[in-house]
Amino acid sequence: MSQDRILMSHGAGGLKTYQLIKEIFHKHFANPILTRELDAGLFPGTPGRWAMTTDSFVVKPLFFPGGDIGKLSVCGTVNDLAVSGAKPLYLTSSFILEEGLPLIDLEKIVASMAHTAREAGVQIVAGDTKVVEKGSGDGVFITTTGLGLVPGEIDYSPQHIQPGDKVIISGPLGQHGLTIMAARGNLPVTSSLVSDCACLHELLNPLHSPEIRCMRDPTRGGLATTLNELALQSGLGILLEEGAIPRDPAVEGLADLLGLDSLYLANEGKAVVIASPQAAPRVLAQLRNHPLGRQTSLIGEVTGEAAGQVLLQTDLGTKRVLRMPAGELLPRIC
Amino acid sequence: MPKEVKTVPDLIKRIKEKVRPVRFMEVCGTHTMAIAKYGLREILPPEIELLSGPGCPVCVTSQGDIDLALELAARPGVTLFTFGDMLRVPGASGSLESVRAQGAKVHILYSPLDCLQYAINHPQEEIVFLGVGFETTAPTVAVAIEQALAHKVNNFSVLSFHKRVVPALQALVSGGNTAIDGFLLPGHVSSILGREPYEFLAREYNKACVITGFTAEDILLGLLMLLSQVENKSYRVEIQYKRGVNPEGNPQALAYLAKYFTPVETTWRGLGPIPESGLGLNEAYKDFDAFRRFSLQLGRKEIPTACSCGEILKGLKRPEDCLLFANQCTPLEPVGPCMVSSEGSCAASYHYRR
């Protein structure tokens, strides 16, 4: 590449577009399906049910401790497949590039995507690139679509949740959300936070059993929002035990200072598993046995009371409601 | 106070032994949130009624002041920096969030010092910091002005709506408000002010007073100390939050306040205008005063709503008594600022009610 920034001509469909695709995207994403350069990726048919999902990524800054927008765009979609019970197989990626983006940054992002996809065992089989004028974007926006295969007996759904089921979380909360806030550089503290951004299918796929009712990855809105959704969708209540929720001291200290609650902060490498009481001990042991699930904890259970609500039993024995958040998380004044 | 009483069950037991029908006001929004978060009302005897006072800076910012900020933010060339809570507070014609969507430049920050670097990097823009808060926040604004002077930053100013806690408490009690038996006084503000400014509450108005910290144990111990004062009719200002508050306050912060600010009359939402209850910029720093820099006029008309924020802030009503509560007024579509701020008494009641 002779130019060191994205130009409008990179999106014009001519030679520069072709160069960009060959020299950055194909170079890093290389696989037999992609390199045939067809208008659609063709891959072998497999018996079973397909799971398909899509997600857009607009994170600022593009690079942050623990990851970057490229890694995030793979993990986010892989995780949506994984919590649906699917083994992730294929991704497509669509890039909106802002004019002026340094090519070196784009290549770093693409290389990071390729690395993450390779580690996860998924292939990026199709893609697209568009360039928008400077000021019309924010560096890079990425949309990924994922395709995965669901084993025959698996059917995770909030409809299967029953009173008495256990609520399990795979680790402490809020690391991604607070890391991003801190990485934006306007927090009054220097922090040692690292995003938890990670692909979860190797953690979650081995759990497969009908005794698992449902799984979710608590991203935007955090654990509180995810559990509220499950309570509404299942028509049941959820009672959490405050003292059982695993905490990252670095997150809690800073969140406390800012008046934020880690239960509402985003995660990118955590899963909530709702399992039958019989399966819960096995699920706990299996998750804790994986590096991404060392701090897995049983944090509460599903109840027939308080339908549609999430209650938190505090350390003092009192109960309060954890509600859906109203809007973006805003730090307080004093 | 007995030192051996430390745990929550112990404290509750002692409180139950001493309890009588009382109404205590927690002045500070952080106390309001902590009481709701720990679910303390559930374990306290029903004889103790806790009221939320005027100690959430967002809640007491008047509609007229918000409108002024909206007008300024919409001016070409102006970039307004604000703490996050203020973003959704409704004025008569929208909120900072809605003018931002219409193209106004509004940024969230965590410290007033953050906008100085922005001002240096954007010399063609007028950078205005929306100064909302009590004596805890104002000293950091003073430091920002000091830094702006030192670095000759000429495109930075402060729209100061800062408020002083003590004149508001004076206004609450001097109106013959007998609904309140005592005050849980704010831990953070008191770490700046110290004990002396509150003494009149005990001396002249027979109100029990305890400067209190923010853990469940702190708050329960504060309540126990208030009950003891009421029981013995020995009204004074005690400090429960000794690890955070020196009796004489923070002399350095007080010196900054005295040097950069001067007490001015200001309007509190719900309480109306209170003499000397605001902090305006001193004459010597008028170049940094957004009111003068942009020739802004205070005292615009407020459009009345059915919102009961005023009576709630005075301790005369509870959030649930307001006609709008949880109907027309919710965190998603707040009418009054007590519902907007995470520390507002209405938001606390809404989020943690069952």
Side-chain angles (χ1 to χ4, degrees), chain A residues 60 135 178 180-191 221 224-225 228 237-243 252 254-265 303 305-334, chain B residues 8-9 12 28-30 33 36-44 55-58 81-88 97 107-115 117-118 132-137 140 186 188-189 214 216-217 220 330-334 339-343 347 350-354:
Chain A
K60 184 161 122 182
L178 210 54
I180 295 299
M181 274 196 192
R184 283 181 184 159
N186 46 11
L187 286 190
V189 285
T190 52
S191 83
T225 304
N228 266 287
I238 292 175
L239 178 62
L240 297 183
E241 198 183 320
E242 188 172 37
E252 298 303 325
L254 184 54
D256 203 38
L257 191 73
L258 297 172
L260 301 172
D261 185 341
S262 61
L263 299 181
Y264 288 90
L265 289 169
T303 64
E305 297 154 21
Q309 284 202 327
V310 182
L311 295 181
L312 184 80
Q313 170 136 18
T314 69
D315 294 339
L316 305 183
T318 57
K319 285 180 193 162
R320 65 180 164 98
V321 178
L322 284 182
R323 280 174 200 284
M324 289 263 198
E328 62 178 310
L329 295 181
L330 301 171
R332 68 172 176 208
I333 285 180
C334 71
Chain B
V8 168
I12 290 290
C28 171
T30 309
M33 283 304 279
K37 190 176 159 191
Y38 298 125
L40 293 185
R41 281 190 176 82
E42 243 182 87
I43 49 174
L44 282 170
C56 152
V58 172
F81 280 80
T82 175
F83 291 124
D85 297 41
M86 294 302 293
L87 209 59
R88 280 203 296 267
E97 191 177 40
H107 294 291
I108 292 178
L109 49 49
Y110 301 88
S111 155
L113 290 169
D114 294 343
C115 46
Q117 192 55 48
Y118 186 96
V132 172
F134 292 110
E135 290 95 334
T136 30
T137 356
T140 62
H188 295 143
V189 167
F214 299 97
E217 289 83 356
L220 293 175
T330 64
L332 212 52
E333 289 189 38
M339 187 61 92
V340 181
S341 165
S342 58
E343 297 185 355
Y350 184 91
H351 281 297
Y352 299 115
R353 91 202 144 112
R354 292 193 46 204

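Side-chain atoms are counted along with the backbone in the values below, which use heavy atoms only and exclude waters and symmetry mates.
- Side chain of T318(A) to main chain of Y38(B): a donor-acceptor pair is present (N/O by atom type, distance under 3.5 Å, no hydrogens or angles).
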Candidate pair L316(A) and L40(B), rule side-chain contact (heavy atoms from CB on, under 4.5 Å), full reasoning: CA-CA 8 Å; L316(A) 305 183; L40(B) 293 185; 3.6 Å; yes
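- The nearest pair of heavy atoms linking M181(A) to Y110(B) is SD-OH, 3.9 Å.
- Across every non-hydrogen atom of T314(A) and K37(B), the tightest pair is CG2-O, 3.6 Å.
- Checked against salt bridge (Lys or Arg N to Asp or Glu O under 4.0 Å), E217(B) has no partners two or more places apart in sequence or in another chain.
- The two residues E42(B) and K319(A) come nearest to each other via the heavy atoms OE2-O, 2.8 Å.
- By the side chain to side chain donor-acceptor pair (under 3.5 Å) test, T82(B) is found to be paired with no residue, residues two or more places apart in sequence or in another chain being considered.
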